[in-house]
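Letters go in sequence order (proteins before strands), and every chain restarts at 1.
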There are 2 protein chains.
Amino acid sequence: MATTELTATISDAEWRVMRIVWTLKQTDSRTIIDLLEQQHDWKAPTIKTLIGRLVKKGALATQKQGRQFIYTPQISEQAAMDAALMNELNQMCAMHRGTALVHTIDQLELSRADVQELITHLQAKLATAPEEVDCDCLPDGCEGSCAN
Amino acid sequence: MATTELTATISDAEWRVMRIVWTLKQTDSRTIIDLLEQQHDWKAPTIKTLIGRLVKKGALATQKQGRQFIYTPQISEQAAMDAALMNELNQMCAMHRGTALVHTIDQLELSRADVQELITHLQAKLATAPEEVDCDCLPDGCEGSCAN
DNA sequence: ACTTTTGGATTACAGATGTAAACTCTAAAT
DNA sequence: ATTTAGAGTTTACATCTGTAATCCAAAAGT
């Protein structure tokens, strides 16, 4: 049977809905709609559609409570974030990922604790870090030709 | 007039094409097709479509050369990567971005130089890093309610 | 000059996504 | 018991994406 792939892709708009539910741990559609109508110019039906799609995708679970439903996340926020980020990075040239991270982290606001943890993890990586990471954009590798 | 938004979104499949052109700096469709047919199960027409869309989007420039075209990137690879990454992160809860980065970097293969540079930049951030970065998933902020 | 390649353009088509109106119940109010 | 408001479902529809077959004209080969 279809194990309802918990790996279903969540679209940008759907991601907004998930963030609300993740944060509240569990809620009803009324709350989701109220909150999202404040953040965006979405009409209630739009949000209902998004909720419906997330349920169908298995990202949200429903639990009947009177005339309505209580929605709960079926996937962990952190796991979803990690996966989305890895996904994005894996789509890019391996050789330039590091620089992209540098540029991004530079612009990002991170807590002292997070910065500290990142430093710790990175220092641990230093030991085994390869001298070079090759470009993987071409079928065979782009050794010579890739001069940047 | 339409300034041909250089910010046009590049889809996943299109991204593959861009990587080839970015790496080769400039090429003809024959080369792109040959290379991509090796990496994926795409038929030549599929790749042609992708190239066409990228040209229309302004991501690739064409330069007639005999019966064919020479394609050149109109956007910098690094800029596109940085933007895509920032974009992805900005879509997520500000409070958990740091952890997502930690998890991702842990799994990523980075060159010694990149790791080193990341450490340097992070150490510089330590000085001004805020004690906490609040969750920004709810309209007002999710202070109390956000206990994770 | 004629035929065969083949690069690029046109057309196709299903599924995903953003956005939302319309509809149908049924629990809640009276 | 009736009415009604609101939760969830169905339908809608344009655009984007993945994937590809066709078509056309010019170049290349013979």
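- Under the side-chain hydrogen bond (donor to acceptor under 3.5 Å, both in side chains) test applied with B:Glu14, the options B:Arg19, B:Arg53, B:Lys57 reduce to a single match, B:Lys57.
- Across all strands shown, B:Ser29 has heavy atoms under 4.0 Å from sugar-phosphate atoms exclusively, and none from any base.
- Out of D:dA20, D:dA27, D:dA7, the shortest distance to the side chain of A:Lys48 is found at D:dA7.
- Distance CD1 (B:Ile47) to C1' (D:dA20): 11 Å, rounded to an integer number of Å.
- Summarising the geometry, the separation between CE on B:Met18 and C1' on D:dT17 is reported as 17 Å, rounded to the nearest angstrom.
- The A:Thr49 side chain lies nearest to C:dT19 when the options are C:dG18, C:dT19, C:dG8.
- A:Ile33 places its CD1 atom 7 Å from the P atom of D:dA7, with the value rounded to the nearest Å.
- Both A:Gln68 and A:Glu14 lie close to DNA chain C; mapped to their nearest nucleotides by heavy-atom distance, the more 5′-ward contact belongs to A:Glu14.
- Using a 4.5 Å heavy-atom threshold, the side chains of A:Asn90 and A:Arg97 count as touching.
- OP1 and OP2 of C:dG7 both lie 4.0 Å or more from every side-chain N or O belonging to B:Tyr71.
- Proximity note for B:Ala13 (side chain, C-beta onward) versus D:dA28, C:dT17, D:dG18: the nearest is D:dG18.
- Although no hydrogens or angles enter the test, the distance criterion places no donor-acceptor pair under 3.5 Å between the side chain of A:Lys48 and the main chain of A:Ser29.
- For the pair A:Leu54 CG and C:dT19 C1', the interatomic distance rounds to 15 Å; values are reported in whole Å.
- Listed candidates were C:dT17, D:dG18, C:dG8. Nearest to the side chain of B:Ser11 is D:dG18.
- Closest approach to the A:Phe69 side chain among D:dA20, D:dG8, C:dG18 is made by D:dG8 (side chain taken as heavy atoms from C-beta onward).
- The A:Arg30 side chain lies nearest to D:dA7 when the options are C:dA28, D:dA7, D:dT10.
- Using a 4.5 Å cut-off on side-chain heavy atoms (C-beta onward), A:Leu50 and A:Arg16 make no contact.
- Across the protein-nucleic acid pair, B:Leu36 atom CG and D:dG18 atom C1' stand 14 Å apart, rounded to whole Å.
- For D:dA20, one of the phosphate oxygens OP1 or OP2 lies less than 4.0 angstrom from a side-chain nitrogen or oxygen of B:Thr46.
- Contacts of A:Asp12 with the nucleic acid, taken as non-hydrogen atoms under 4.0 Å apart, involve only primed sugar atoms and P, OP1 or OP2.
- One can place CD of A:Gln65 at 17 Å from P of C:dT26, the figure rounded to the nearest angstrom.
- Close to D:dT17, at under 4.0 Å from its OP1 or OP2, lies a side-chain N or O of B:Lys57.
- Using modelled atom types and a 3.5 Å distance limit, the side chains of A:Asn87 and A:Gln91 yield no donor-acceptor pair.
- A donor and an acceptor atom sit less than 3.5 Å apart, one in the side chain of A:Arg53 and one in the base of C:dT19.
- In this structure, B:Ile51 places its CD1 atom 10 Å from P of C:dG7, rounding to the nearest Å.
- In terms of position along DNA chain C, the nucleotide closest to A:Asp41 lies nearer the 5' end than the nucleotide closest to the other residue of the pair A:Arg67 and A:Asp41.
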Under the side chain to side chain donor-acceptor pair (under 3.5 Å) rule, what do A:Thr31 and A:Asp28 come out as? Steps first, then yes or no, please. CA-CA 6 Å; A:Thr31 308; A:Asp28 51 84; 3.2 Å; yes
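- The phosphate of D:dA27 (OP1 or OP2) has no side-chain N or O of B:Lys64 nearer than 4.0 angstrom.
- B:Lys43 places its NZ atom 17 Å from the C1' atom of C:dA12, with the value rounded to the nearest Å.
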